[in-house]
Number of protein chains: 2
Amino acid sequence: MAEHDDHRRPGRWRSGAESKQRVLQVARELFDRNGYNGTTVRAIATAAAVDPAMVFYFFGTKQGLFSAVIDMSDNVPPAIESIFAGGVDTMGERIVRTLVQNLDNSDRPPLVMLTRSATTDPRSEALLREFIDREITDRLAALLDTPDAALRAGMVNVQILGLAVARYIVRIEPIASASVHELATTFGPLVQHCLTGRTAAP
Amino acid sequence: MAEHDDHRRPGRWRSGAESKQRVLQVARELFDRNGYNGTTVRAIATAAAVDPAMVFYFFGTKQGLFSAVIDMSDNVPPAIESIFAGGVDTMGERIVRTLVQNLDNSDRPPLVMLTRSATTDPRSEALLREFIDREITDRLAALLDTPDAALRAGMVNVQILGLAVARYIVRIEPIASASVHELATTFGPLVQHCLTGRTAAP
DNA sequence: GTCTATAATTAGATAGAC
DNA sequence: GTCTATCTAATTATAGAC
């Protein structure tokens, strides 16, 4: 027949790359809803209309799939950079606004997923801890050159984690339903105080 | 022999009630460390030096055991009461100190346990949300009679959850290794500011 | 009350045909 | 790349002896 070679359309997936994307998308949703241990490869495969064996073919192991799902390589950096872009004096509100805006708008934020999974999966816990240490604690500590910089960074981390858990995981009111503006005006100064305010002397 | 009837000592368990208590205690610890899905009945039984079948004999199902473990009807109230015992002006530090002290003595970690399980078990999530609403938000809002009382209570909840997650779940430094005193002096004023400080007007 | 034995189910992972 | 079939291991849970 004449169409024996028309399947080589450039720019279009010729093979299972499409299935792979479907698996990734479904996995993200299920991991987010049920955590790492609460999600089975089989459930992912079924929901993605793919054979379970394909998942292992694509990602090797369940952990490999999770890593691929959680990989926020080109998602978070811009947000982080925009936080560090301005001066320290207005950073408090910028942190809160950027954080909440990003988590509100993407419907399965890696940070929330990681936090969810960190409670049941040790690997996720380590992953989250390393991410926070590298992207927030270390950079903040470098920026503030006070002796208590590490403690101040820790206080900021508590604000970030508390906000994420309260708004997106446990969904406590009125934090869960507050607008970005409300959160920015209430928590902004609080975070700013963690960064540059006066702290108790030892 | 003469001791054929001395096993009927009043005031002492004559039977498996002791094992049952041991199972409960161990289960509390493991559920706390690994969450609901991450904890197996076998692991609990082994750690409690009891046969796995006994666990089912005592509690029927795994969920039954979990419910028995997280039933903190007469567990938390003393701590909560001691927080509300003093005046509002020193409540910030009292919240932090009581919280951290109680969670550090990991004998009774209901908040951390619930927070862990809340991510994978819907029942736990609802339980945690209701507990926080009832024991903290509502009582705080009643105590402060300002128009923004609910928001202030929410801010306090963020501090509590952030502190719990950072110190006990993700174990971020320097929060995880800080002493009770350090946390009380750094977060106490912060929480106090949430309670009685000046907030941004809408 | 306690244990052995085991049923019933489910998980992650692999081999190999097509 | 995709699927069938299967292995291995671990899980919750039950039946029944002692």
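Proteins get letters first, then strands, A, B, ... in listed order; numbering begins at 1 in each. In what follows, every heavy atom counts, from backbone to side chain, and hydrogens, waters and symmetry copies are set aside.
At whole-Å resolution of the value, CZ in Arg42(A) and C1' in dT9(C) are 11 Å apart. If you measure from atom CG of Leu65(B) to atom P of dA13(D), you get 10 Å, rounded to the nearest angstrom. Taking atom OH of residue Tyr57(B) and atom C1' of nucleotide dT2(C), one finds them 9 Å apart after rounding to whole Å. Taking atom CE on Met54(B) and atom C1' on dA5(C), their separation rounds to 17 Å, with Å as the unit. At whole-Å resolution of the value, CZ in Phe58(A) and C1' in dT14(C) are 17 Å apart. Distance CG (Leu30(B)) to C1' (dT11(D)): 16 Å, rounded to an integer number of Å. Straight-line distance from the CG atom of Asn37(A) to the C1' atom of dG12(C): 12 Å, rounded to whole Å. In this entry the distance linking CZ of Phe56(B) with C1' of dT6(C) reads 14 Å, nearest Å.
In terms of phosphate contacts, Thr40(B) brings no side-chain nitrogen or oxygen within less than 4.0 Å of OP1 or OP2 of dA10(D). Note on Thr61(A): every side-chain N or O is 4.0 Å or more away from OP1 and OP2 of dG12(C).
More than 12 heavy atoms of other residues, nucleotides or ligands lie within 6.0 Å of CG in Asn105(A), so this atom counts as buried by the packing criterion. Dense packing is recorded around CD of Gln101(A), with more than 12 heavy atoms of other residues, nucleotides or ligands lying under 6.0 Å away.
Cation-pi contact between Lys20(A) and Phe59(A): present, with separation from the ring centre below 6.0 Å and deviation from the ring axis of at most 45°.
Nearest to the side-chain atoms of Ser19(B) among the listed nucleotides dT2(C), dA13(C), dC3(C) stands dT2(C).
Comparing Val41(A) and Asp51(B) by the nucleotide of DNA chain C that holds the closest heavy atom to each, the one mapping nearer the 5' end is Asp51(B).
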Give the intermediate values and the outcome of side chain to side chain contact (heavy atoms under 4.5 Å, CB included) for residues Ile175(A) and Asn157(B).
CA-CA 9 Å; Ile175(A) 302 299; Asn157(B) 284 331; 5.8 Å; no

